[in-house]
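Below is one structure, written out as structure tokens; the observations come after it.
Quantities reported herein were computed from a predicted structural model and do not represent experimental measurements.
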Amino acid sequence: MEKEYKIRFIKSDDFAHLIKWWKHYDHCEVPTVDLLPNYGMDGYVVEKNGKPIMAAFMYLTNYAIGYLDYLVRDPDYNEKDKNNMLWDLQEACGKYLLSRGCTMIWGMTSYETIANMAEKIGHDVLDDKYYVIYIHQKIHEDMTNKK
């Protein structure tokens, strides 16, 4: 059976959707394009009937390690195929990073569903609990201005 969706590179027109989705999820700042790989153009979107459904960004480093991050989806999309889309998006991102010379791909998630899917397609998933520590420029400026 042919899939009713396709995976394509992100276009600048997609950002209105992505920003809306990121704002819906309250666990992270909305990333500015300078935080995204290639100013937001190194990522994939899953599209169905001409509408973006989910996206992920792929970071290349100057080593053989790739990084997958800022996975986001339309919070209003709840069709049965959303898990297949997520599965295919992870797989497509992995294949792209491997084709660019990465021998290891790294990513983090707080969602067990995503970790389980990654494990099913052959990724190693650590059971250890991690804490993500980062500082964003705006946070740094706010901290500096308070002193």
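Separation of atoms CD (Glu4) and CD (Glu79) is listed at 9.5 Å; rounding is to 0.5 Å. The CG atom of Asn84 sits 9.0 Å away from atom CH2 of Trp87, with the distance rounded to the nearest 0.5 Å. In this structure, the separation between CG on Asp14 and NE2 on His17 is 6.5 Å, given to the nearest 0.5 Å.
In this structure the side chain of Tyr96 never reaches within 4.5 angstrom of the side chain of Ile7, judged on heavy atoms. The shortest side-chain heavy-atom distance between Asp81 and Lys48 falls under the 4.5 Å cut-off. With a 4.5 Å cut-off on side-chain heavy atoms, Lys51 and Asp74 count as touching. Using a 4.5 Å cut-off on side-chain heavy atoms (C-beta onward), Asp34 and Tyr39 make contact. Using a 4.5 Å heavy-atom cutoff, the side chains of Tyr77 and Val46 are not in contact. Contact annotation: the side chain of Tyr59 never approaches that of Leu68 to less than 4.5 Å [non-hydrogen atoms, C-beta and beyond]. At a threshold of 4.5 Å between non-hydrogen side-chain atoms, the residues Asn38 and Leu60 do not count as touching. Contact of the Tyr25 side chain with the Arg73 side chain is registered, since non-hydrogen atoms from C-beta on lie closer than 4.5 Å.
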* Given Asp88 and Lys3, is the side chain to side chain contact (heavy atoms under 4.5 Å, CB included) satisfied, shown in steps? -> CA-CA 11 Å; Asp88 290 343; Lys3 294 176 184 165; 2.8 Å; yes
* To do: I would like to know whether Thr61 and Trp106 meet side chain to side chain contact (heavy atoms under 4.5 Å, CB included); could you show each step before the answer?
  => CA-CA 11 Å; Thr61 68; Trp106 187 68; over 6 Å; no
* Please lay out, stage by stage, how Lys82 and Ile53 fare under the test side chain to side chain contact (heavy atoms under 4.5 Å, CB included). => CA-CA 8 Å; Lys82 74 179 179 184; Ile53 304 297; 5.7 Å; no
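Within 6.0 Å of CG on Asp124 lie no more than 12 heavy atoms contributed by other residues, nucleotides or ligands. With a 6.0 Å radius and a threshold of 12 heavy atoms from other residues, nucleotides or ligands, Met41 has its CE atom above the threshold. In the displayed structure, Arg8 atom CZ is contacted under 6.0 Å by more than 12 heavy atoms of other residues, nucleotides or ligands. In the displayed structure, Phe9 atom CZ is contacted under 6.0 Å by more than 12 heavy atoms of other residues, nucleotides or ligands.
Aromatic ring orientation, Phe57 versus Tyr70: perpendicular (interplanar angle above 60°, classes split at 30° and 60°).
When the side chains of ILVMFWY residues are joined at heavy-atom separations under 4.5 Å, either directly or via intervening members, Leu71 and Val125 end up in two distinct hydrophobic clusters.
Contact record, Pro75 with Trp21: CD-CD1, 3.5 Å, taken as the closest heavy-atom pair. Scanning all heavy atoms of the two residues, the minimum distance from Met58 to Cys93 falls at SD-CA, 3.5 Å. Counting all heavy atoms, side chain and backbone alike, Ala55 lies closest to Leu89 at C-CD2, 3.9 Å.
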